[in-house]
Amino acid sequence: MKDVLIYWDRNVFDGKIRRLPSNLILYTQIYNIDKNSWSLIFKFDTPPCIQGYETIGKVDFLVKDAPKNILIDNFEFDFFDGKKIIGKCKIIDW
């Protein structure tokens, strides 16, 4: 798993109608990688709702044959909820 920083969209998570996720595990997809889409898993020690709009966690692909070589320092991709972008992700290499 790689370290990831997620910047949640404040227009989506306004704190009143929709709050940041309270789960320690989340899933999304990444699109247009080798003309495919791939499922990702995110794991957190502290849920996003406690960390705030900039959340640190771990990310990895769900399948072994995924293009893991793209998860390098500073690689950025969108966090989707269905077809809606709800955040931006950036791989960080401490």
Side-chain angles (χ1 to χ4, degrees):
M1 297 198 88
K2 295 288 187 167
D3 292 323
V4 66
L5 176 59
I6 304 170
Y7 301 96
W8 299 102
D9 187 335
R10 291 176 185 261
N11 294 317
V12 174
F13 299 98
D14 63 1
K16 296 176 185 174
I17 296 172
R18 188 167 181 189
R19 294 187 174 95
L20 291 170
S22 59
N23 303 40
L24 292 177
I25 296 177
L26 297 172
Y27 300 91
T28 193
Q29 301 77 36
I30 190 168
Y31 295 98
N32 297 324
I33 303 300
D34 301 329
K35 298 184 181 180
N36 292 307
S37 62
W38 298 92
S39 294
L40 296 168
I41 183 170
F42 293 80
K43 294 183 178 181
F44 306 97
D45 291 332
T46 304
C49 65
I50 293 175
Q51 290 191 56
Y53 288 99
E54 293 184 8
T55 301
I56 294 177
K58 300 274 188 184
V59 65
D60 204 355
F61 288 97
L62 285 177
V63 295
K64 292 180 182 179
D65 62 339
K68 294 185 180 215
N69 61 311
I70 67 168
L71 298 180
I72 59 172
D73 192 31
N74 292 316
F75 176 70
E76 295 182 357
F77 55 97
D78 295 323
F79 196 110
F80 284 89
D81 181 9
K83 293 184 178 184
K84 183 174 181 153
I85 296 172
I86 61 171
K88 301 283 184 185
C89 304
K90 182 177 182 179
I91 300 298
I92 50 177
D93 187 6
W94 302 101

Close side-chain approach of Ile91 to Ile72, heavy-atom, < 4.5 Å: no

Contact summary for Lys90 and Asn74, nearest pair of heavy atoms: CE-OD1, 3.0 Å

Arg19 atom CZ, neighbour heavy-atom count above 12 within 6.0 Å: no

Main-chain N/O of Phe80 paired with Thr28 side-chain donor or acceptor, under 3.5 Å: yes

Distance (rounded to the nearest 0.5 Å) between Lys88 NZ and Asp78 CG: 3.5 Å

CG (Asp14) with more than 12 external heavy atoms under 6.0 Å: yes

Which atom of Leu24 lies closest to which atom of Thr46, heavy atoms considered: CD2-C, 4.0 Å

For Gly82 against Tyr31, the heavy-atom pair lying closest together: O-OH, 4.0 Å

Ser22 versus Pro47, closest heavy-atom pair with distance: O-CB, 3.3 Å

Minimum-distance pair of heavy atoms, taken over all atoms of Leu20 and Pro48: CD1-O, 3.6 Å

Option passing ring pair (Phe, Tyr, Trp, His ring centres under 6.0 Å) with Trp8 (candidates Phe42, Phe13, Tyr53): Phe13

Salt-bridge contact Asp9-Lys84 (side-chain N to carboxylate O under 4.0 Å): no

Closest approach of Gln51 to Ile56 (non-hydrogen atoms, all atoms of both residues): OE1-N, 2.7 Å

Verify same cluster id: Ile6, Ile85 (apolar side-chain graph, 4.5 Å): no

Side chain to side chain, Ile50 and Phe44, heavy atoms closer than 4.5 Å: no

Other residues, nucleotides, ligands: >12 heavy atoms within 6.0 Å of Lys43 NZ: no

Between CD1 on residue Ile86 and CZ on residue Arg18, distance to nearest 0.5 Å: 5.0 Å

Student check: side-chain heavy atoms of Leu62 and Tyr27 closer than 4.5 Å: yes

Within-4.5 Å side-chain heavy-atom neighbours: Phe75 and Ile30: yes

Nearest-0.5 Å distance, CG of residue Leu40 to CE of residue Met1: 9.0 Å

CZ on Phe79 to SG on Cys89, rounded to 0.5 Å: 6.0 Å

Carboxylate-amine/guanidinium proximity below 4.0 Å for Lys2 and Asp73: no

Salt-bridge criterion met for Asp3 and Lys58 (N-O under 4.0 Å): yes

